[in-house]
Amino acid sequence: QLQLVESGGGLVQPGGSLRLSCAASGSTLDYYAIGWFRQAPGKEREGVSCISSSGGSTNYADSVKGRFTISRNNAKNTVYLQMNSLKPEDTAVYYCAAGLDCGLGLSEYDYWGQGTQVTVSS
């Protein structure tokens with residue numbers, strides 16, 4: 001059974017950077033697309049970015065394009081989300097998820113991590 005664990009969240013000032021990690025255990029990530037999602041208080045969970053199993057295809061929500069970069073290291077069974085130029089509106093719990101196709105819809109993913117909190121505040 002594939003298990004995902006996110007890490008790297010924390011408190012950062014506006015304009016700062018964080019790198020989130022999504023580490024897998026129980027199975028290889030080689031055959032899975034990985035998505036990053038976030039959920040702010042009182043809001044629905046939304047897709048942020050995804051990367052195909054090979055890493056050759058990526059997708060980003062308009063709100064993070066040019067600021068966030070997704071990447072993967074299959075040898076380490078880990079996917080990363082580099083977040084730069086962070087804004088207060090990026091504050092949320094961030095989740096990674098594994099599925100067969102790279103997309104920003106929740107229903108495309110079968111396995112979910114427990115989430116990591118990102119807070120952007122001065």
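Just so you know, these numbers use all the heavy atoms, side chains as well, and skip hydrogens, waters and symmetry mates.
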Original post:
Considering only heavy atoms from C-beta outward, does the side chain of Leu20 approach that of Val118 to under 4.5 Å?
Top reply: yes
Subject >> Shortest non-hydrogen contact from Ala92 toward Ala40 >> reply: CB-N, 3.8 Å
Subject >> Residues that Phe37 engages under ring pair (Phe, Tyr, Trp, His ring centres under 6.0 Å), provided they are two or more places apart >> reply: Tyr109, Trp112
**OP:** Write down the atom of Cys50, the atom of Gly103, and the distance for their closest heavy-atom approach.
**Re:** SG-N, 3.3 Å
Original post:
Do the side chains of Ile70 and Tyr111 join up, straight or via other hydrophobic residues, at under 4.5 Å, putting them in one cluster?
Top reply: yes
Original post:
CG/Asp110 to CG/Leu2 distance, rounded to the nearest 0.5 angstrom?
Top reply: 9.5 Å
Subject >> Worked check of side chain to side chain contact (heavy atoms under 4.5 Å, CB included) between Thr119 and Val12 >> reply: CA-CA 6 Å; Thr119 302; Val12 63; over 6 Å; no
**OP:** First locate atom CG of Asn74, then atom CG of Leu29, and finally report the distance between them rounded to the nearest 0.5 Å.
**Re:** 6.5 Å
Original post:
Where is the tightest heavy-atom contact between Leu81 and Ser49, given as atom of each residue plus distance?
Top reply: CD1-CB, 4.2 Å
**OP:** Quick one: pull up OG in Ser52 and CG in Asp101 and give me the separation to the nearest 0.5 Å.
**Re:** 10.0 Å
**OP:** Write out all pairs satisfying side chain to side chain donor-acceptor pair (under 3.5 Å) with one or both partners inside residues 82-94, taking only residues at least two apart or from two chains.
**Re:** Ser17-Asn84, Arg38-Asp90, Arg38-Tyr94, Arg67-Asp90, Gln82-Asn84
Original post:
Ile34 and Cys96: which non-hydrogen atoms are nearest, and at how many Å?
Top reply: CG2-CB, 4.4 Å
**OP:** State whether Tyr80 and Arg72 meet the cation-pi test: NZ (Lys) or CZ (Arg) under 6.0 Å from the six-membered ring centroid, and within 45° of the perpendicular axis.
**Re:** no
Original post:
Honestly curious: do Leu18 and Tyr95 fall in one hydrophobic cluster under the side-chain, below-4.5 Å linking rule?
Top reply: no
Original post:
Going hydrophobic residue to hydrophobic residue with side-chain gaps under 4.5 angstrom, can you get from Val48 over to Leu104?
Top reply: no
Original post:
Are Trp36 and Val5 connected in the hydrophobic side-chain network, where two residues link if heavy atoms are under 4.5 Å apart?
Top reply: no
Original post:
Ignoring hydrogens and geometry, is there a side-chain-to-backbone donor-acceptor pair from Glu6 to Gly115 under 3.5 Å?
Top reply: yes
Original post:
What are the two closest non-hydrogen atoms of Cys102 and Ser57, and how far apart are they?
Top reply: SG-O, 4.3 Å
**OP:** Test Arg45 against Leu106 for side chain to side chain contact (heavy atoms under 4.5 Å, CB included), laying out the working first.
**Re:** CA-CA 8 Å; Arg45 193 172 298 188; Leu106 277 69; 3.9 Å; yes
Original post:
Taking it one step at a time, do Thr78 and Ser21 satisfy side chain to side chain contact (heavy atoms under 4.5 Å, CB included)?
Top reply: CA-CA 7 Å; Thr78 302; Ser21 297; 4.2 Å; yes
Subject >> OG-CD distance between Ser25 and Gln3, expressed to the nearest 0.5 angstrom >> reply: 4.5 Å
**OP:** Could you please spell out the steps behind the side chain to side chain contact (heavy atoms under 4.5 Å, CB included) verdict for Ser53 and Tyr31?
**Re:** CA-CA 5 Å; Ser53 57; Tyr31 307 113; 5.5 Å; no
**OP:** Give the minimum heavy-atom separation between Ala24 and Leu4, together with the two atoms involved.
**Re:** CB-CD2, 3.9 Å
Original post:
Just how far is it from atom OG of Ser63 to atom CD of Glu46, taken to the nearest 0.5 Å?
Top reply: 5.5 Å
Original post:
Are side-chain heavy atoms of Pro14 and Pro88 found at a separation under 4.5 Å?
Top reply: yes
Original post:
Same hydrophobic cluster for Phe68 and Leu11, using side-chain heavy-atom links shorter than 4.5 Å among ILVMFWY?
Top reply: no
